[in-house]
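Report on the following structure.
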Amino acid sequence: SGEVAKPAWKITGSQKTILGYPCMEAMMEKDSIEVRAWFTSSIPVPAGPASYYGLPGLVLEVSLDGGDHLITAQSVELKSIGADDLEKPKKGKKVTREEYDQIVADKLEEQGIEGGGGEMRFIEIRIGD
């Protein structure tokens with residue numbers, strides 16, 4: 001149907017501060033790996049690094065396998081944008097989730113990156129410019 005499944009997060013109630021933002025902890029199990037994410041509802045964007053999204057706020061930290069792998073935001077910069085700052089794409093094609101997953105797998109293979117492990121990096125999520 002083209003719908004993207006939302007991750008099955010469970011909010012634990014634990015809290016801490018990251019980069020000055022009050023954060024709450026959420027957990028899920030993905031591919032037999034325990035995932036803990038810290039998100040802030042102060043930035044109400046359900047985004048985060050890689051496939052760690054879908055919470056009621058921006059994910060600022062992700063811990064995998066008890067902290068063996070850790071992704072942490074280094075900074076947050078908020079900027080205002082207007083309607084003129086957004087541009088609708090002029091080209092591209094609509095694909096199914098399965099086709100998208102295959103495209104991602106092919107691109108990772110092209111870059112010599114194996115799925116499911118290796119070095120992790122925090123992606124920059126820009127809201128505005």
Side-chain angles (χ1 to χ4, degrees):
S1 69
E3 288 289 315
V4 176
K6 281 193 166 186
W9 293 106
K10 290 183 175 74
I11 297 175
T12 68
S14 294
Q15 299 180 11
K16 72 176 182 177
T17 301
I18 300 173
L19 297 175
Y21 290 94
C23 295
M24 291 184 285
E25 182 187 48
M27 294 177 54
M28 76 167 163
E29 190 169 303
K30 183 175 182 179
D31 301 325
S32 301
I33 295 174
E34 179 187 88
V35 179
R36 291 179 184 268
W38 293 89
F39 69 95
T40 180
S41 57
S42 297
I43 305 174
V45 178
S51 60
Y52 308 113
Y53 62 89
L55 287 159
L58 184 64
V59 175
L60 296 180
E61 185 173 284
V62 176
S63 172
L64 305 174
D65 272 349
D68 286 349
H69 299 282
L70 187 65
I71 305 168
T72 304
Q74 299 299 302
S75 66
V76 174
E77 185 178 338
L78 302 175
K79 295 183 179 183
S80 297
I81 62 168
D84 293 341
D85 296 321
L86 304 175
E87 186 177 319
K88 185 175 180 178
K90 293 179 176 61
K91 59 183 181 177
K93 68 176 184 174
K94 192 171 188 170
V95 296
T96 66
R97 182 64 188 186
E98 291 77 21
E99 289 170 324
Y100 171 80
D101 289 343
Q102 187 59 53
I103 292 167
V104 169
D106 291 346
K107 293 298 177 186
L108 288 173
E109 187 177 326
E110 279 178 24
Q111 297 174 27
I113 300 170
E114 291 184 32
E119 183 177 331
M120 302 195 88
R121 296 184 179 145
F122 190 80
I123 60 167
E124 180 176 1
I125 299 170
R126 297 190 129 200
I127 303 168
D129 188 52

Can you give me every donor-acceptor pair (side chain of residues 81-89, partner residue at least two apart or in another chain, under 3.5 Å) with its distance?
unit_1, atom_1, unit_2, atom_2, d
Asp85, OD2, Gly82, N, 2.7
Glu87, OE2, Lys90, NZ, 2.8

Considering non-hydrogen atoms only, spot the tightest contact between [X] and [Y] and give its length.
X     : Y     : answer
Leu60 : Cys23 : CD1-SG, 3.8 Å
Leu55 : Ala26 : CD2-CB, 3.6 Å
Pro49 : Val62 : CG-CG2, 3.9 Å
Tyr53 : Trp9  : O-NE1, 2.7 Å

Check your understanding: Above 12 or not: heavy atoms from other molecules or residues under 6.0 Å from CG of Asp31?
Key ->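 Incorrect, the count does not exceed 12.
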Determine all donor-acceptor pairs shorter than 3.5 Å in which one atom belongs to a side chain in residues 36-45; sequence neighbours excluded.
unit_1, atom_1, unit_2, atom_2, d
Arg36, NE, Glu34, OE1, 3.2
Arg36, NH1, Glu25, OE2, 2.9
Thr40, OG1, Pro22, O, 3.0
Thr40, OG1, Ser42, N, 3.1
Thr40, OG1, Ser42, OG, 3.4

To the nearest 0.5 Å, tell me how far [X] [atom1] sits from [Y] [atom2].
X     : Y     : atom1 : atom2 : answer
Ile18 : Glu61 : CD1   : CD    : 4.5 Å
Lys94 : Glu99 : NZ    : CD    : 11.5 Å
Thr12 : Met24 : OG1   : CE    : 9.5 Å

Hydrophobic cluster identity match, Met27 and Ile71, side-chain contacts under 4.5 Å:
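No, separate clusters.
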Sequence neighbours left out, what passes salt bridge (Lys or Arg N to Asp or Glu O under 4.0 Å) with Asp101? Give chain and number order.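 If we apply the salt bridge (Lys or Arg N to Asp or Glu O under 4.0 Å) test to Asp101, skipping adjacent residues, the hits are Arg97.
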